[in-house]
Amino acid sequence: MGRKSNMINFNVPPYTGKEIEYMKEAVQNQKICGDGPFTKKCSEWIEAKTGTAKCLLTTSCTHATELAALLADIKEGDEVILPSYTFVSTADAFVLRGAKAVFVDIRPDTMNIDETLIEDAVTDKTRVIAPVHYAGVGCEMDVIMDIADRHHLMVVEDAAQAIMASYKGKALGTFGDFGCFSFHETKNFSMGEGGALLIRDKRYVEKAEIFREKGTDRSKYFRGEVDKYRWQDYGSSYLPSDMNAAYLYAQLELADEITQARMNRWNQYRELLTPLADEGRIELPYIPPHCKHNAHMFYIKTKDMEERTRLDAFLKERGVHAVFHYIPLHSAPAGRKYGRFHGEDRYTTRESERLFRLPMFYTLTEDEVTYITDQVKAFYR
Ligand SMILES: *Cc1c(COP(=O)(O)O)cnc(C)c1O
């Protein structure tokens, strides 16, 4: 056994080497609050890379989603359709505005919302569909956008895990009215805590900037468009520091390299674990042919929760820190209070109990992946 002193963590925050230099530059610019040169560089980079009309950097993906809920003018009693298998933020942002979360089952192959079940959950109170691109693998956006168009609903994409990933050649986060990225330390690119709001239609930009700047037109003031800034509307503080943006910019500059490094490890995992999958012992992730993923996550599925618990203990003994993921929201106390599950929970609970994420990060080595897969194979032998 014996790897314990040298544990392979589940995640190591991405670091390329240039972050400190850029943060020092931000400090020397004497512009450490928001909307400085690095905030601008990051936003422009994301706009160019994804093709979105406008990107606003935020203090988190949760806050980007809250901004989307404010822009969608979500009110008490409105309903939002989302998967139960997601992070709390997808629901929180809307529930905070008084909306009810309506959970729909997921597809067992991608763990994304089952697009064929959405329409049946639409009521006259439905305002938004919030698909989550789990593991950076796209939801069926053509179907979802068609339902939204026909029922006059807005779409807010939780693309927290999905930067650099696409569906039919178009960047995830750019299909819906709003798309939300995360730059938390567990994501492919990071700024510690941070995120971005992608806005498809430019007519929302002014309002978004006001909500992000405590309800003021300070963004306009900084651009010299008005000679003083004033309280224009309600709002909050969702603008990140330029020091954090500087950290992120170092990683955006190396985005292709970081993604390729992750992709190499992802493909190695898949190759080395395919024999076990062929024997029917485990299941591997499925990537629909029209989706380009970003190697955000590599997971396997065990037979059931009991087997996963044993595998977890086996790997920890051997110095590998792997983790399971979401407890379905509808089964949690707040989920019962603020939401309801529409239709049957065929896959959400069952599949969430089997899913097990293996270590995945920028600096994970080929030898480490070989070691990890050897241990998984040893468990099943
Ligand atoms: C990470 C994550 C979030 C939250 O991102 P923060 O930047 O930490 O607010 C939301 N949704 C999903 C699916 C995530 O993976």
Side-chain angles (χ1 to χ4, degrees), residues 10-11 13-14 34 42 46 55-70 80-96 101 103-104 106-107 110-113 128-139 141 144 155-165 172-173 175-176 178-198 212 236-241 244-245 247-248 251-252 262 285 293-299 323-330 332 334-335 339 348 351-352 355 357 360-361:
F10 170 68
N11 178 57
C42 289
I46 294 169
C55 166
L56 294 180
L57 232 50
T58 59
T59 31
S60 66
C61 177
T62 308
H63 280 167
T65 316
E66 278 183 40
L67 272 172
L70 284 167
V80 176
I81 297 174
L82 72 160
S84 170
Y85 185 71
T86 183
F87 191 56
V88 294
S89 305
T90 329
D92 264 334
F94 299 99
V95 164
L96 205 53
F103 302 113
V104 161
I106 52 168
R107 299 162 43 136
T110 58
M111 304 299 283
N112 283 335
I113 191 166
V128 168
I129 306 172
V132 181
H133 307 298
Y134 188 68
V137 178
C139 297
M141 291 314 294
I144 293 171
V155 172
V156 177
E157 293 175 73
D158 183 336
Q161 305 173 5
I163 192 165
M164 303 291 279
L172 295 178
F175 287 84
F178 306 108
C180 308
F181 284 161
S182 173
F183 301 118
H184 185 259
E185 72 163 34
T186 50
K187 302 304 198 286
N188 290 24
F189 315 133
S190 181
M191 54 198 279
E193 301 275 357
L197 177 70
L198 275 57
R212 189 178 62 154
S236 193
S237 186
Y238 297 130
L239 180 64
S241 155
N244 294 60
Y247 192 100
L248 176 64
Q251 305 191 359
L252 296 182
R262 298 181 75 108
H293 74 112
N294 59 358
H296 174 64
M297 184 193 303
F298 191 91
Y299 63 77
V323 294
F324 55 84
H325 215 179
Y326 310 127
I327 311 286
L329 298 184
H330 74 282
T348 299
E351 298 302 301
S352 71
L355 187 138
R357 298 182 291 160
M360 174 56 81
F361 47 88

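Basis for what follows: all heavy atoms, side chains included, without hydrogens, waters or symmetry-related copies. Order of appearance sets the numbers: ligands from 1, and atoms from 1 within every ligand.
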- [ ] Apply the test side-chain hydrogen bond (donor to acceptor under 3.5 Å, both in side chains) to residues Y299 and H325: give CA-CA distance (whole Å), side-chain angles for both, the deciding distance (0.1 Å), then the verdict.
- [x] CA-CA 10 Å; Y299 63 77; H325 215 179; over 6 Å; no
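- You'll find the side chain of F94 stays beyond 4.5 Å of the side chain of L82, heavy atoms only.
- For a threshold of 3.5 Å applied to N or O pairs, the pair formed by Q161 and ligand 1 contains at least one separation below that value.
- Closest approach of H330 and T348 over heavy atoms only: CE1-CG2, 4.2 Å.
- Contact annotation: for Y326 versus ligand 1, heavy atoms closer than 4.0 Å belong to the side chain alone.
- Heavy atoms from other residues, nucleotides or ligands lying under 6.0 Å from CZ of F10 number more than 12.
- Nearest heavy atom pair, residue L172 against residue V137, reads CD1-C, 4.3 Å.
- When every heavy atom of G136 is checked against every heavy atom of H296, the shortest pair comes out as N-CB, 4.5 Å.
- Between L248 and C42, the closest heavy-atom pair is CD2-SG, 4.0 Å.
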Open item on the list: side-chain hydrogen bond (donor to acceptor under 3.5 Å, both in side chains), that's the test. Do E351 and Y85 meet it? Break it down for me.
Closed with: CA-CA 9 Å; E351 298 302 301; Y85 185 71; over 6 Å; no
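- Counting only heavy atoms from C-beta outward, the side chains of H293 and R262 never approach each other to under 4.5 Å.
- Not one N or O of T186 is nearer than 3.5 Å to an N or O of ligand 1, by distance alone.
- Closest heavy-atom approach to atom 7 (O) of ligand 1 within the set A135, A91, S182: this belongs to S182.
- At a 3.5 angstrom cut-off on N or O pairs, C61 counts as close to ligand 1.
- Heavy-atom proximity to D158, at under 4.0 Å, picks out these atoms of ligand 1: 10 (C), 11 (N), 12 (C), 13 (C).
- With a 4.0 Å cut-off on non-hydrogen atoms, V132 touches ligand 1 through its side chain and not its backbone.
- For ligand 1 and G194, the ligand atoms under 4.0 Å from any heavy atom of the residue are 7 (O).
- With hydrogens left out, the protein atom closest to atom 4 (C) of ligand 1 is F87 CD2, 3.6 Å, a heavy atom.
- The closest protein non-hydrogen atom to atom 9 (O) of ligand 1 is T62 OG1, 2.5 Å.
- Interface of S60 with ligand 1, defined as ligand atoms under 4.0 Å from a residue heavy atom, comprises 7 (O), 9 (O).
- Among protein heavy atoms, the minimum distance from atom 12 (C) of ligand 1 is reached at A160 CB, 3.3 Å.
- Not a single heavy atom of F181 sits less than 4.0 Å from an atom of ligand 1.
- Between K187 and ligand 1, at least one N/O pair is under 3.5 Å apart.
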